[in-house]
Protein chains: 2
Amino acid sequence: MNQHPDFILNKINGPQDLKKLNLDQMKKLAQEIRTLILEKDAVEGGHLGPDLGIVETTIAYHYVFDAPKDKIVWDVSHQTYPHKMLTGRALAWLDPDHYEDVTPYTNPDESPYDYYAVGHTSTSVALATGMAKARDLIDGHENIMALIGDGSMTGGLAFEGLNNAAIEKHNLVVVVNDNEWSIDENVGGMVTALKKLRDSNGQSPENPFKVMGFDYRYVAEGNDIEKMIAAFQDVKDVDHPILLHIHTLKGKGYKPAIDDEEAHHWVLPFDLKTDKTTVPATSGPTAKSVVIDQVIKHIKNGEKIITINAAIPAVFGLDEIKNEYPDHYTDVGIAEQESVAFAAGAVKEGAVPILFENSTFLQRAFDQLSHDVAANDLPVVMMVANGGISNGSKTHLGIFDQVMISNLPNWIYLAPTTLNEEKAMLDWAIKQRKHPVAIKMPIKPVPEGEEVEADFDQIKYQIKKGKKVAILALGDFYGLGQEVADEIGATLVNPVSANILDKKALDQLAADHELVVTLEDNSLDGGFGQKVASYSGSKVKVLNYGQRREYTDQTPLEKIYRDNHLTKEQITSDIKKVLAK
Amino acid sequence: MNQHPDFILNKINGPQDLKKLNLDQMKKLAQEIRTLILEKDAVEGGHLGPDLGIVETTIAYHYVFDAPKDKIVWDVSHQTYPHKMLTGRALAWLDPDHYEDVTPYTNPDESPYDYYAVGHTSTSVALATGMAKARDLIDGHENIMALIGDGSMTGGLAFEGLNNAAIEKHNLVVVVNDNEWSIDENVGGMVTALKKLRDSNGQSPENPFKVMGFDYRYVAEGNDIEKMIAAFQDVKDVDHPILLHIHTLKGKGYKPAIDDEEAHHWVLPFDLKTDKTTVPATSGPTAKSVVIDQVIKHIKNGEKIITINAAIPAVFGLDEIKNEYPDHYTDVGIAEQESVAFAAGAVKEGAVPILFENSTFLQRAFDQLSHDVAANDLPVVMMVANGGISNGSKTHLGIFDQVMISNLPNWIYLAPTTLNEEKAMLDWAIKQRKHPVAIKMPIKPVPEGEEVEADFDQIKYQIKKGKKVAILALGDFYGLGQEVADEIGATLVNPVSANILDKKALDQLAADHELVVTLEDNSLDGGFGQKVASYSGSKVKVLNYGQRREYTDQTPLEKIYRDNHLTKEQITSDIKKVLAK
């Protein structure tokens, strides 16, 4: 049921309705939007700080411009709740029954006001340069705008975009939404540059945008609707590239989000009165805590470890290392390419770099994983989080990193089945100084398991003998493999690595069994199972299980499993059919 | 035999010998190095302009610093012939019998003065940031330097590196070697910024490096040994990040290379007197000419095509489009991420973007191929050059792009077996406005072939019936497949696509044959064959052929083929063995 039938927002079916409001009404609308962001996030979790900070800018944008003809590309699009509310989707905030009607990012399937599915940073300016060139070619005249946060400016693609945007011959506006924050503290030389501009009210001659050729404007009060309207009116229909630098307050309107910006960039469901999360804390060791504890042990032990991440320390619980062992910690900003090249540099000087990467964002660093690390065979250690089949947005799926990395020469890709195995793999990866090693942190809960020897110089399959069928269950799908094996009395195998095959074991399995089945929490195409099929395919029948090559988008996990035959019942039934042939 | 026993260079076994020379001797040494670069390039081909321009800087570097303890990272490392000559490898230029002793890029296997195998641009600063941090951690005090050209500065990774280098707490020097050129004309806002600095002798307050926090120095005459020695002495052992901007002349000392810098960036063997290439021109249509001719036809036809490349128009023969149809042409600079995101932007505005990418450099854009193009299922057209097994450097192998792209959802990856098929695929890719399409330009010569209908909405295998064995020969390995099929009377199949299987045909082939063999000019792991093995593996025996997952480095093609069982004789023999089982 609509919780706020009295809100002005109920009358806003699109920008055309917004344009009828006066300034006071728009200010009230801003308050309503903030209330709704907080109410829904408290129930569902979601991005908070970025959305609270951009409310006035969004209202002013839709007041001044004529979307969807005029186009704005929202960088990352994690700040688009206000945009969605103003473009016909307010019910998804007003009415809890409709909370699920919209996805968290811009979504062309959802609205003509959204142009791209976006969830990675730093792409907006580059996309806008292509849009502007195409508009010019087809003799269009609409306004093209990219809006990018200062945090996203550390990503190299943002710079590539700016470098090209600066020479666009017609209309193109880049809005830099400067809230002095990335996901964590913002990092690097650009921080200095933006500060000089803010401190001089945009007047400093040391202007990184003007030097590239941009016309430049500065708005100190980006949370003032009136000033933002004036600023947008000023840049509407211009005939050349302009950079509009606006200063906003991340988390505006919710004190806890201003006081602790990192913790409120994205939130779990929480209590609006106390700001405390309503999600019960997990107890005992986790895939995350095991790694951090172990890394700290090695640091205390005097090992020359450098932990490296790209603006997401909280994903891994790196704060303790950041605070207690700052010499052993680096946050390169949102700059995955730099993170991996940095690790390649560090290893050459004798340090032991440990990269902490999020599966989907790591895609940005493919060439560094290949050209810088793999071709040089450098013993970089890399922990990959959120790699696996998930109910996430299609821009955030974790099923591609294993394919990306494990098909490169020299990389050893390990997938632990228990927390103790994860620990042993990390210990070994740190100790061996031969090859790059990626370790997939289980995305599904795995048992603590028995102590495991930290020796993976040779990949040796761990085999529990059964009959007829051999189930090779990789990483956190080992539990599923166990269920199937128990059901049909099959042999159960922990294959340890996603890309190094134990060929001796495979030959023996082929000789002793009628069918080899592979299970992996990953994309099928280019994955572990296809390597087994290729190796063993001329010797024994092989069935591969994983997620097929397609995008899911906020699809429930159970549905993905079912659609891909990833339940015990389906696998058992498939196996019986093959055996019956 | 040593062609120049009288050269001073004969006495330079390493930087320690260089330090004994006086200025006049060093000037003579510079002349000698230029002579040798030209002599060897005339015979063998290689990078020319970048090396001629950096001679004095290299001499000054090794005169001032104490390599290999002090470390310099050469960006791309295509300018390291002088460096190699001064670090004990001069014979590889003095004596034609030793021309093959060194590889064209820095190579740690070759010399302790080389730290990385490098062949892609824009990595040096990022690598240096990691080296500096590790040096600080292990309490080292050596000088760390990155040397990067202005052309490489358009790559986003360079910016990510600078952003982090600017906040390094101890010694780190970035040399920007500004010769006003990329491979082609340099592109974008940074060109403007660097020009302002050059025009003001480094004094302009609009300084993109100072705004980030760098200490900044400028040397107008970067080809003056004395001035470069002074500049390096000035930055040696500094305790903070410095950006040293030097102005040099690409191609210095060889007039044709100054007059036409693009054509002399990298050269084929040529006549030193006439500057004309000594490699006979090929006649008739090629994989390259067919594409350009066809694209021009479509442009003339009024189609809203935008051809896009990242600083390598000559690789594709794009000059005609650049000159005759500039509205249909974009060079984004060395910025592959931008090129792909630009295409994603252009397609949204109704244009037909055609990307022209080099297989190995395209790796830089993996996330854009995935997040921006694939997740949005945008009908971008992409021609990929140099994809396939080659005798290239390990940093330039072409066996990874197919794996990278073809395992992503929505992408259709086509591999033509003839020039007419390539043409038809391009026509279809332009016409269909549904999905992203990559087309692998044959790296091996393929016949012109018969006219092919431009319809690939469904992938339909083209089958020439034989017996017992079915050979699926992808793309330019079709010729090899034909040889094998002829030899043993096998069925020969053109599978058309690297990632869309004709399952109906595969089922029929499995039913009619004892063995299915796949051949691809590509890496085996994650490739086409493994998909077939996975699909057909439970129905029929499968053998996959391609290059195994390992780096080759300037390895002769014949040896790679032999090592991977890619000759007619080896394949035939393998097949017979499997059939005999």
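Sequence lines set the chain letters: A, B, ... in the order given, protein chains first and strands last, and positions in each chain run from 1.
Of the two parts of B/Ile305, only the backbone, made up of N, CA, C and O, holds a non-hydrogen atom closer than 4.5 Å to a non-hydrogen atom of chain A. Interface residue A/Glu336: only backbone heavy atoms are found under 4.5 Å from chain B. A/Val542 touches chain B through its backbone: at least one of N, CA, C or O sits under 4.5 Å from a heavy atom, while the side chain does not. Of the two parts of A/Ile167, only the side chain, counted from C-beta on, holds a non-hydrogen atom closer than 4.5 Å to a non-hydrogen atom of chain B.
For the pair B/Leu157 and A/Gln368, the minimum side-chain heavy-atom distance is below 4.5 Å. The shortest side-chain heavy-atom distance between B/Lys531 and A/Gln530 falls under the 4.5 Å cut-off. Between B/Pro208 and A/Phe209 the shortest side-chain heavy-atom distance does not fall below 4.5 Å. In this structure, B/Ser523 and A/Asn407 have side chains that are not in contact, with every pair of non-hydrogen atoms separated by 4.5 Å or more.
Without hydrogens or angle criteria, B/Asn163 side chain to A/Met190 main chain gives a donor-acceptor distance under 3.5 Å. Put simply, the side chain of A/Glu160 gets close to the backbone of B/Gly156: a donor and an acceptor are under 3.5 Å apart. A donor-acceptor pair is defined here as one N or O able to donate and one able to accept, closer than 3.5 Å; such a pair exists between the side chain of B/Arg549 and the backbone of A/Leu408. Of the possible donor and acceptor atoms, none in the side chain of B/Asp367 sits under 3.5 Å from a partner among the backbone N and O of A/Gln363. Here the side chain of A/Asp327 pairs no donor or acceptor atom with the backbone of B/Leu137 at under 3.5 angstrom.
Ranked by non-hydrogen atom pairs under 4.5 Å with chain A, the options B/Gly188, B/Gly155, B/Ala134 are led by B/Gly188. Here B/His371 is the residue among B/Lys304, B/Met212, B/His396, B/His371 with the most heavy-atom pairs under 4.5 Å with chain A. Each of B/Leu162, B/Asp553, B/Val578, B/Asn499 has some count of heavy-atom pairs under 4.5 Å with chain A, and the biggest count is that of B/Asn499. Per-residue heavy-atom pair counts under 4.5 Å with chain A were compared for B/Gly529, B/Ser536, B/Gly537, B/Ser339, and the maximum is reached by B/Gly537. When each of B/Ser406, B/Ala117, B/Ala193, B/Gly213 is checked for heavy-atom pairs under 4.5 Å with chain A, B/Ala117 comes out on top. When the candidates B/Ala344, B/Ala166, B/Gly350, B/Ala365 are compared by the number of heavy-atom contacts under 4.5 Å with chain A, B/Ala344 comes out ahead.
Heavy atoms of other residues, nucleotides or ligands lying less than 6.0 angstrom from NZ of B/Lys195 number 12 at most.
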**OP:** Give the intermediate values and the outcome of side chain to side chain contact (heavy atoms under 4.5 Å, CB included) for residues B/Thr192 and A/Val211.
**Re:** CA-CA 7 Å; B/Thr192 314; A/Val211 300; over 6 Å; no
**OP:** Give the intermediate values and the outcome of side chain to side chain contact (heavy atoms under 4.5 Å, CB included) for residues A/Asn410 and B/Tyr551.
**Re:** CA-CA 9 Å; A/Asn410 295 329; B/Tyr551 286 105; 3.6 Å; yes
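Ring pair B/Phe366/A/Phe366 is tilted by interplanar angle, where 30° to 60° counts as tilted.
For A/Lys133 and B/Glu349, the salt-bridge test fails: no basic side-chain N is under 4.0 Å from an acidic carboxylate O.
Side-chain contact annotation: A/Asn544 with B/Ser534, donor-acceptor N/O pair under 3.5 Å present. Remark: the A/Glu338 side chain and the B/Thr129 side chain contain an N/O donor-acceptor pair separated by less than 3.5 Å.
Taking the centre and axis of the six-membered ring of B/Tyr116, the NZ or CZ atom of A/Lys348 falls inside the cone set by 45° and 6.0 Å.
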